[in-house]
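Read through the structure below, which is laid out as structure tokens, and then see the notes.
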There are 2 protein chains.
Amino acid sequence: MSTTGPAPQRRMRADARRNYERLLAAAATVFAEHGVDASLEDIARRAGVANGTLYGHFPTRQALLEALLRDRMDALTATARDLLDHPSAHEALVIWARAAMAHTTTYRGLVTALMRSIKDESSELHAACRAVLVGGEQLLTRAQAAGTVREDATAADLYAMINAVAWAGEQTTPAQGERLLTFSIDGLHPSRSREHSS
Amino acid sequence: MSTTGPAPQRRMRADARRNYERLLAAAATVFAEHGVDASLEDIARRAGVANGTLYGHFPTRQALLEALLRDRMDALTATARDLLDHPSAHEALVIWARAAMAHTTTYRGLVTALMRSIKDESSELHAACRAVLVGGEQLLTRAQAAGTVREDATAADLYAMINAVAWAGEQTTPAQGERLLTFSIDGLHPSRSREHSS
DNA sequence: GAAATATATTGAGAGAGTCTCAACTTAGCA
DNA sequence: TGCTAAGTTGAGACTCTCTCAATATATTTC
């Protein structure tokens, strides 16, 4: 449930704790404004600390992102669990897919980081991404059991699909992303796939 | 048909022409190896010219890409035209979508540049991207007339969809991209969309 | 409460990249 | 052969990432 490395592992020194929080707050602002590829120097500047301090707390950009997103990603995973009780297996999947897409578009560029992290085990974001994927997998499996989703779709497909449409929405407009999500979900139906007419 | 600014507009000086070609060749190599976000300094170095020369010929990275891809993109547009004669409207669309995806994955990072360029009219790649989009639109319209594609899908949807799955393939594996393309195309069917069962 | 110590912070600096531009070269023409 | 327009050069001004020796400060201990 909890990711491997929580934020304040041991007791931190008071000034360290303060700077840690300031950096997180500054990161939220700067990422919101310039996307997750924003300058880390800028974040340190806004937090009022030297850039070395930022690197001391967050060795990599992904570590910073992980700290910033941990709660939200845990919540998304929890939502998946809760939705297992939803009366409609298919509707639960759709609701969750939309929530996942919304999360993924929190910051510009985030979707790319999340997609990379699922493959890269050394990423600080990896564990959280896997938890999300597993959450989605349960909803997917349930929908398949209910017969509303094709049997050959995997959790990896679902994860990739959600991220792909989120990426498209980020590159164009949120509305475009929504449209593609709708199409994609329809594409998961175990329907008359593979039939062609003239 | 031809994009607004062909490569050698007026007669170029012999040395300029030579350097232009060398830069293009170097770019092909470096982009293939490191993706389209590779260092332009590196490209200039490999071409054996000063970096100022590179900027002289190609004011932006997109300009360099445009010169490098022009032929291929024209070919893709031409393919769309040719496929209008294919006996199956739907199969023609699918074939073309696969070709478009293959083109889009020529270099790592290219898909992002292409997606950005369709929106950004100031991009040197914009015209070529629009031509591709229009090519796809004709195949889409024909498939809709044949009743194999939902009526509410637009050319922008198709373009975004192809790029989105290409992006997903780039981030994970080509096979994953293929799978998503299949699902997405199925999602375009005018079938039992929007129905839910338990 | 002051010294001792573990813990943090600092900011200069190395390295890489983008893009510009004034000075310099050179191809092509008369 | 020399003129001139066209092209090339590379240093320089930025920005960014990441490191680390020197410095500062919170906490613990006596």
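Within 4.0 Å (heavy atoms only), A:Gly52 reaches at least one base atom of the nucleic acid. Counting any heavy atom pair closer than 4.0 Å across all strands shown, B:Asp42 reaches no nucleic acid atom.
C:dG11 atom P lies 15 Å from atom CG of A:Leu54, rounded to whole Å. Protein atom CZ of A:Arg11 is 17 Å distant from nucleotide atom C1' of C:dA8, rounded to whole Å. Here C:dT9 presents its P atom at 18 Å from CZ of A:Arg45, a figure rounded to the nearest Å. Here C:dG13 presents its P atom at 18 Å from OH of A:Tyr55, a figure rounded to the nearest Å.
Pairing each heavy atom of B:Ser117 with each of B:His126, the nearest pair is O-ND1, 2.7 Å.
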* Derivation of the side-chain contact (heavy atoms from CB on, under 4.5 Å) call for B:His90 and B:Ile185 -> CA-CA 10 Å; B:His90 193 263; B:Ile185 286 171; 4.2 Å; yes
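Formation of a donor-acceptor pair under 3.5 Å by the A:Glu124 side chain with backbone atoms of A:Ala67 is not found in this model. In this structure, A:Arg61 contributes its side chain and A:Val36 its backbone to a donor-acceptor pair below 3.5 Å. Between the side chain of B:Arg18 and the main chain of B:Arg13, no donor-acceptor pair closer than 3.5 Å is present. For B:Arg150 (side chain) and B:Gly187 (main-chain N/O), a donor-acceptor pair under 3.5 Å exists by modelled atom type.
At the phosphate of C:dT18, neither OP1 nor OP2 sits under 4.0 Å from any side-chain N or O atom of B:Asn51.
Between A:Val49 and B:Leu40, the residue anchored nearer the 5' end of DNA chain C, judged by the nucleotide with its closest heavy atom, is A:Val49. Mapping A:Thr53 and B:Arg61 onto DNA chain C via the closest heavy atom, the residue that lands nearer the 5' end is A:Thr53.
In this pair, B:Tyr20 and B:His57 present their aromatic rings perpendicular. The plane angle is above 60°, beyond the 30 to 60° band.
Think of the region where chain B sits on DNA chain D: with heavy atoms and a 4.0 Å cut, that region ends 5' and 3' at D:dA5 to D:dA11.
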So which protein N/O to nucleotides 24-27 of chain C N/O distances come out below 3.5 Å?
{"residue": "C:dT26", "atom": "O2", "partner": "B:Arg13", "partner atom": "NH1", "Å": "3.2"}
{"residue": "C:dA27", "atom": "O4'", "partner": "B:Arg13", "partner atom": "NE", "Å": "3.4"}

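Using a 4.5 Å heavy-atom threshold, the side chains of A:Ile43 and A:Leu40 count as touching. Between A:Thr182 and A:Arg98, the closest side-chain pair of non-hydrogen atoms falls below 4.5 Å.
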